[in-house]
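Throughout, residue positions are numbered sequentially from 1 according to the sequence presented.
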Amino acid sequence: MPGRAPGHRFRPLRTAGTGRRAALPDPPRRLSPRPPAPAALLLLVLLLLAPALSGCVPQWARPVAIPPWPAGPTPTWQWQLRGEFDPNVDAEVFVLDAFRTPVEDIRRLRERDRRAVCYVSVGTYEPDRPDAERFPETVLGAPAHADGDRWLDIRQWSALEPVLADRFRLCYGKGFTAVMPAHMDGYARESGFPLTFDDQLVFNRRLAALARSAKLSPGLTNDLEQVVALEPSFDFAVNEQCFQQAECDQLLPFVEARKPVFQVEYDELADDTCVAAQGYGFATIRKEPDLGPWRDLCLTAPPAR
């Protein structure tokens with residue numbers, strides 16, 4: 001695991017394995033179909049005709065307009081949280097900070113048909129964020145990655161949901177079309193709370209639903225121990241250093257579901273790493289830990305998914 005550069009407080013750390021398994025729910029019972037009652041059938045007809053009669057679409061019928069990820073090879077990507085933004089990097093996907101990125105930068109990317117992914121910390125408190133005072137003291141736990149950062153009690157959803165919902169709305173309002181939530185594995189850390197495997201599953205699934213309600217495509221960041229359970233809820237994955245840690249096989253559920261896997265290493269990209277990344281179908285890059293504009297690429301492109 002690489003050390004953090006001085007002053008860097010944004011990069012999520014990779015997941016520590018626990019070996020614990022989630023309890024799977026019982027499958028739903030199948031009920032025999034019943035013909036609708038006349039009154040219910042009439043109500044259904046009126047609801048279906050309502051848009052034509054009123055000239056508008058009812059709120060419940062409006063689809064969530066989340067752009068689908070393109071078929072074919074995993075898009076090339078850039079992850080930048082520090083330094084002057086470089087919009088001319090040859091990448092199709094840009095992961096940028098929710099608060100620090102101005103609307104103008106997102107507009108420039110969209111004019112070039114690039115996709116912007118919003119980086120948001122969801123599992124830690126960061127005192128230098130403009131909404132930091134909205135987190136009550138009761139949700140703040142043990143120190144996290146940087147001075148002043150603290151883990152959050154993800155079980156207190158009623159306290160966290162309003163803050164996270166506003167962060168996701170900020171992302172959407174700036175023009176982001178997807179969100180990369182960070183620090184999604186507090187249950188595997190010394191958080192100061194007795195968080196369990198299932199606590200994390202519940203929280204992460206709630207995050208995915210909250211992102212979709214904000215019209216953002218949700219991504220799963222690290223949390224490899226829960227990939228099998230969480231893949232259906234997320235549209236893409238972001239991973240740090242699975243090659244260095246020899247754990248890339250845990251991302252195969254996303255590959256098999258034909259969902260993008262954006263992967264970063266902080267050491268040299270050896271030839272065998274790039275060959276393996278191509279075999280998996282990952283979009284693998286090398287970055288410095290401070291996540292500035294510099295990046296290095298594998299010379300071979302990943303195959304079509």
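- In this structure, Leu140 and Trp151 have side chains that are not in contact, with every pair of non-hydrogen atoms separated by 4.5 Å or more.
- A 4.5 Å side-chain heavy-atom check between Gln241 and Val264 finds every atom pair outside the cut-off.
- Using a cutoff of 4.0 Å between basic side-chain nitrogens and carboxylate oxygens, Arg295 and Asp86 are not scored as salt-bridged.
- Panel note: side chain Lys287, backbone Glu265; no donor-acceptor pair is recorded below 3.5 Å.
- Side chains of Tyr187 and Asp199 form no contact here, defined as non-hydrogen atoms less than 4.5 Å apart.
- In this structure the side chain of Asp153 never reaches within 4.5 angstrom of the side chain of Thr138, judged on heavy atoms.
- To the nearest 0.5 angstrom, Lys174 atom NZ is 9.0 Å from Asp105 atom CG.
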**OP:** Apply the test side-chain contact (heavy atoms from CB on, under 4.5 Å) to residues Leu216 and Cys118: give CA-CA distance (whole Å), side-chain angles for both, the deciding distance (0.1 Å), then the verdict.
**Re:** CA-CA 9 Å; Leu216 297 170; Cys118 192; 5.6 Å; no
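- By the salt bridge (charged side-chain N to carboxylate O under 4.0 Å, His left out) test, Arg286 pairs with Glu268, sequence neighbours left out.
- With contacts defined as side-chain heavy-atom distances shorter than 4.5 Å, the pair Phe168/Val179 qualifies.
- The hydrophobic clustering, which links ILVMFWY residues whose side-chain heavy atoms are closer than 4.5 Å, places Trp157 and Phe135 together.
- To the nearest 0.5 Å, atom CZ of residue Phe176 and atom CG of residue Leu170 are 8.0 Å apart.
- For the atom pair CG of Leu160 and CZ of Arg134, the computed distance is 11.0 Å after rounding to the nearest 0.5 Å.
- Judged by distance alone, the side chains of Tyr280 and Asp249 do bring a donor and an acceptor atom under 3.5 Å apart.
- Connection of Leu201 to Val122 is established within a shared hydrophobic cluster, with ILVMFWY side chains joined at heavy-atom distances below 4.5 Å, either directly or through further cluster members.
- Heavy atoms only, all atoms of each residue included: Leu251 and Cys242 are closest at CD1-SG, 4.1 Å.
- Of the residues Asp185, Asp223, Thr221, the one that meets the side-chain hydrogen bond (donor to acceptor under 3.5 Å, both in side chains) test with Asn204 is Asp223.
- Ring-plane geometry between Trp77 and Phe262 is classed as tilted, the angle between the planes lying from 30 to 60 degrees on a 0 to 90 degree scale.
- Put simply, the side chain of Lys259 gets close to the backbone of Glu231: a donor and an acceptor are under 3.5 Å apart.
- Side-chain heavy atoms closer than 4.5 Å link hydrophobic residues (I, L, V, M, F, W, Y) into clusters, and following such links, even through other members, never connects Phe99 to Phe85.
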**OP:** Check the pair Leu210 / Leu164 against side-chain contact (heavy atoms from CB on, under 4.5 Å), numbers first and verdict last.
**Re:** CA-CA 8 Å; Leu210 189 65; Leu164 299 179; 3.9 Å; yes
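- Ion pair Glu161/Arg206 not flagged as a salt bridge, since none of the NZ, NE, NH1 or NH2 atoms sits closer than 4.0 Å to an Asp/Glu carboxylate oxygen.
- Here the side chain of Gln226 pairs no donor or acceptor atom with the backbone of Asp198 at under 3.5 angstrom.
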Subject >> salt bridge (Lys or Arg N to Asp or Glu O under 4.0 Å) between Arg150 and Glu137, worked out >> reply: CA-CA 11 Å; Arg150 297 168 69 179; Glu137 185 66 27; 3.3 Å; yes
Original post:
Passes side-chain contact (heavy atoms from CB on, under 4.5 Å), Thr284 versus Cys274? Steps please.
Top reply: CA-CA 8 Å; Thr284 294; Cys274 290; over 6 Å; no
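- In plain terms, the two heavy atoms of Pro75 and Ala283 that are nearest each other are O-CB, 3.3 Å.
- Here the shortest heavy-atom pairing between Gln250 and Leu224 reads NE2-O, 3.5 Å.
- In this structure, Arg115 contributes its side chain and Pro67 its backbone to a donor-acceptor pair below 3.5 Å.
- Tested against Leu152, the residues Tyr125, Phe203, Phe193 include a single side chain to side chain contact (heavy atoms under 4.5 Å, CB included) partner, Tyr125.
- Taking 4.5 Å as the limit, every side-chain heavy atom of Leu96 sits out of range of all side-chain heavy atoms of Leu81.
- Inspection of the Ser217 and Asp235 side chains reveals an N or O donor paired with an N or O acceptor under 3.5 Å.
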**OP:** Apply the test side-chain hydrogen bond (donor to acceptor under 3.5 Å, both in side chains) to residues Asp267 and Gln244: give CA-CA distance (whole Å), side-chain angles for both, the deciding distance (0.1 Å), then the verdict.
**Re:** CA-CA 8 Å; Asp267 297 324; Gln244 183 185 31; 2.9 Å; yes
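- Looking at every heavy atom in both residues, Ala91 comes nearest to Thr76 through CA-OG1, 3.4 Å.
- With Thr273 contributing its side chain and Leu269 its backbone, the two residues share no donor-acceptor pair below 3.5 Å.
- Taking the six-membered ring for Trp and thresholds of 30 and 60 degrees, His183 and His145 have ring planes inclined between 30 and 60 degrees apart.
- A donor-acceptor contact closer than 3.5 angstrom links the side chains of Glu240 and Tyr266.
- The main-chain N or O of Pro87 is never found under 3.5 Å from a side-chain atom of Arg114 such that the two would form a donor-acceptor pair.
- Residues Phe94 and Gln80 form no side-chain contact, since every pair of their non-hydrogen atoms from C-beta on lies 4.5 Å or further apart.
- Minimum heavy-atom separation, Pro181 to Gly219: CD-O, 3.0 Å.
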**OP:** Check the pair Ile106, Val103 against side-chain contact (heavy atoms from CB on, under 4.5 Å), reporting the backbone distance first and the verdict last.
**Re:** CA-CA 5 Å; Ile106 306 302; Val103 175; 5.6 Å; no
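- Between the side chain of Lys215 and the backbone N or O of Tyr172, no donor-acceptor pair lies under 3.5 Å.
- Note on Asp131 versus Arg129: no salt bridge recorded, every NZ/NE/NH1/NH2 to OD/OE distance being 4.0 Å or above.
- Note that the CE atom of Met184 and the CG atom of Leu220 stand 5.0 Å from one another [nearest 0.5 Å].
- Phe254 and Leu252 fall within a single hydrophobic cluster, where Ile, Leu, Val, Met, Phe, Trp and Tyr are joined by side-chain heavy atoms under 4.5 Å apart, directly or via other members.
- Atom CD of Gln156 sits about 7.0 Å away from atom OG of Ser158, to the nearest 0.5 Å.
- Counting heavy atoms from C-beta outward, Val255 and Val261 have side chains that approach closer than 4.5 Å.
- Here the shortest heavy-atom pairing between Gly192 and Ala142 reads N-CB, 3.8 Å.
- Within the 3.5 Å criterion, the main-chain N or O of Pro293 finds a donor-acceptor partner in the side chain of Gln78.
- There is a path of hydrophobic side-chain contacts, each under 4.5 Å, that joins Leu297 to Val93.
- Between Arg112 and Glu92, none of the side-chain N atoms (NZ, or NE/NH1/NH2) sits under 4.0 Å from a carboxylate O, so this pair counts as no salt bridge.
- Note: Leu195 CG to Glu190 CD = 12.0 Å, rounded to the nearest 0.5 Å.
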